[in-house]
Participant: 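This is the structure, below, for whatever I ask next.
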Amino acid sequence: MNLTTERKVMKIRDIWEAKKRIAPIVNRTPLIYSAILSEKISRSVYLKLENVHEVGAFKVRGAANKILSLSDEEKKRGVATFSTGNHGMAVAFVAKRLGVNAVVCISNRVPKAKVESLKRLGAQIEIVGDSQDAAGERCYELEKQKGLTVIQPFDDPHVIAGQGTIGLELLEALPNLKDVIVPLSGGGLLSGIGLALKANNPDIRITGVSMEQSAVMYESLKAGKPVKLEESVTLADSLLGGIGLDNQYTFQMVQQYMDDVLLISEDEIAYSMAYMMDKHRIIMEGAAATGIAAVLGNKIPDQDGDLVVIISGHNVDLSILLQLIQKYTDGNEG
Ligand SMILES: *Cc1c(COP(=O)(O)O)cnc(C)c1O
């Protein structure tokens with residue numbers, strides 16, 4: 001067998017299996033019709049509420065599918081991650097539910113509030129060095145020395161399949177689905193949803209949305225290969241981070257499944273967060289607001305059929321959200 005020519009291809013079956021596997025611990029999320037957004041662009045707009053998961057983001061789907069697919073032996077040894085964001089929280093949450101030991105490696109720069117919420121979820125914290133890279137290295141050391149399994153945030157077939165279960169839920173709910181707008185970072189979310197939808201109906205259009213600065217997948221697609229970028233400050237902090245220079249799955253899957261990609265400015269993200277709180281009473285983090293900005297800015301080509309925005313998460317500092325509400329709304333009801 002020649003391993004170097006092994007092709008990394010996922011099948012729709014992987015997502016059906018994920019759906020069955022995660023059902024006991026991941027809730028099916030609501031899909032709601034948005035009258036106000038539908039009126040705005042004169043077509044039916046639905047919101048897929050991934051913000052209602054207990055950890056406040058869809059990443060619980062991928063983490064659950066990955067950890068549940070480990071052998072008993074691997075589960076006994078435990079899992080590790082160096083993400084302090086939504087992925088780290090999801091890994092900690094799922095591991096606790098399943099009685100699996102989870103170690104989160106973090107640098108001493110990680111804000112205390114984040115460390116506290118990870119601890120509350122039952123994760124074991126290892127503080128190492130003063131950079132994300134040092135934390136990552138420690139994670140892989142734990143894998144070598146203690147046999148912990150490092151849970152990747154996006155470039156892993158079980159994680160991608162877990163996120164893809166969103167696509168199956170959409171297909172079941174909306175027979176006339178035409179457009180799906182998906183926040184895009186490492187591309188696990190878009191790859192999974194893309195595979196689920198296109199395998200059933202290649203005419204469903206998938207639009208990725210990222211922030212203007214440090215959109216690594218966007219720049220990588222333009223370059224034709226994974227590239228590295230400096231991170232900048234953005235409201236869509238959950239969309240920051242590289243895609244991995246030796247990316248195995250998501251780069252080619254995003255290339256294959258994404259019909260269009262839009263970059264959203266910080267102002268548009270900020271306005272959309274305030275708008276959704278004001279008009280819809282839905283708390284969204286910046287990453288999720290990129291999709292709403294695409295609708296409010298009328299950036300999606302006119303088509304018949306239903307449009308879905310994936311509301312990917314709600315983990316935003318409330319003081320930031322309050323500032324935005326004050327800045328962009330007049331404070332009146334509705
Ligand atoms: C991780 C994340 C994304 C992006 O998902 P990828 O699989 O990395 O593309 C979008 N929104 C939120 C809230 C996230 O946590």
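Order of listing sets the numbers, starting from 1, for every ligand and every atom in it. Numbering starts at 1 and runs along the sequence shown.
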Participant: Considering only residues two or more places apart or on different chains, which pairs with a residue in residues 155-214 satisfy ring-ring contact (aromatic ring centres under 6.0 Å, His included)?
Facilitator: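 ring-ring contact (aromatic ring centres under 6.0 Å, His included) check on residues 155-214 returns no pairs.
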Participant: Can you see which heavy atom on Asn27 is nearest to which on His53, and at what distance?
Facilitator: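 Looking at all heavy atoms of both residues, the closest pair is O-CE1, 3.6 Å.
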Participant: Identify the residue among Asn200, Thr165, Ile310 that makes a side-chain contact (heavy atoms from CB on, under 4.5 Å) with Leu170.
Facilitator: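 Checked Asn200, Thr165, Ile310 against Leu170; only one passes side-chain contact (heavy atoms from CB on, under 4.5 Å): Ile310.
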Participant: Identify all N/O pairs between ligand 1 and the protein with a separation under 3.5 Å and present them as a table of atom names and distances.
Facilitator:
| residue | atom | partner | partner atom | Å |
| --- | --- | --- | --- | --- |
| ligand 1 | 7 (O) | Gly188 | N | 2.8 |
| ligand 1 | 7 (O) | Leu189 | N | 2.9 |
| ligand 1 | 8 (O) | Gly186 | N | 2.9 |
| ligand 1 | 9 (O) | Ser185 | N | 2.8 |
| ligand 1 | 9 (O) | Gly186 | N | 3.3 |
| ligand 1 | 9 (O) | Gly187 | N | 2.7 |
| ligand 1 | 11 (N) | Ser312 | OG | 2.7 |
| ligand 1 | 15 (O) | Lys59 | NZ | 2.6 |
| ligand 1 | 15 (O) | Asn86 | ND2 | 2.8 |

Participant: I'd like to know if the side chain of Ser131 reaches the main chain of Ala134, judged simply by a donor and an acceptor atom lying under 3.5 Å from each other, with no hydrogens or angles considered.
Facilitator: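 Looks like yes, one N/O pair under 3.5 Å.
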Participant: Salt bridge or not for Asp179 and Arg205, using N-O below 4.0 Å?
Facilitator: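 Result for this pair is yes, salt bridge flagged.
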Participant: Knowing that exactly one of Lys40, Lys279, His280 qualifies, which makes a side chain to side chain donor-acceptor pair (under 3.5 Å) with Ser34?
Facilitator: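 Among Lys40, Lys279, His280, the one that satisfies the side chain to side chain donor-acceptor pair (under 3.5 Å) with Ser34 is His280.
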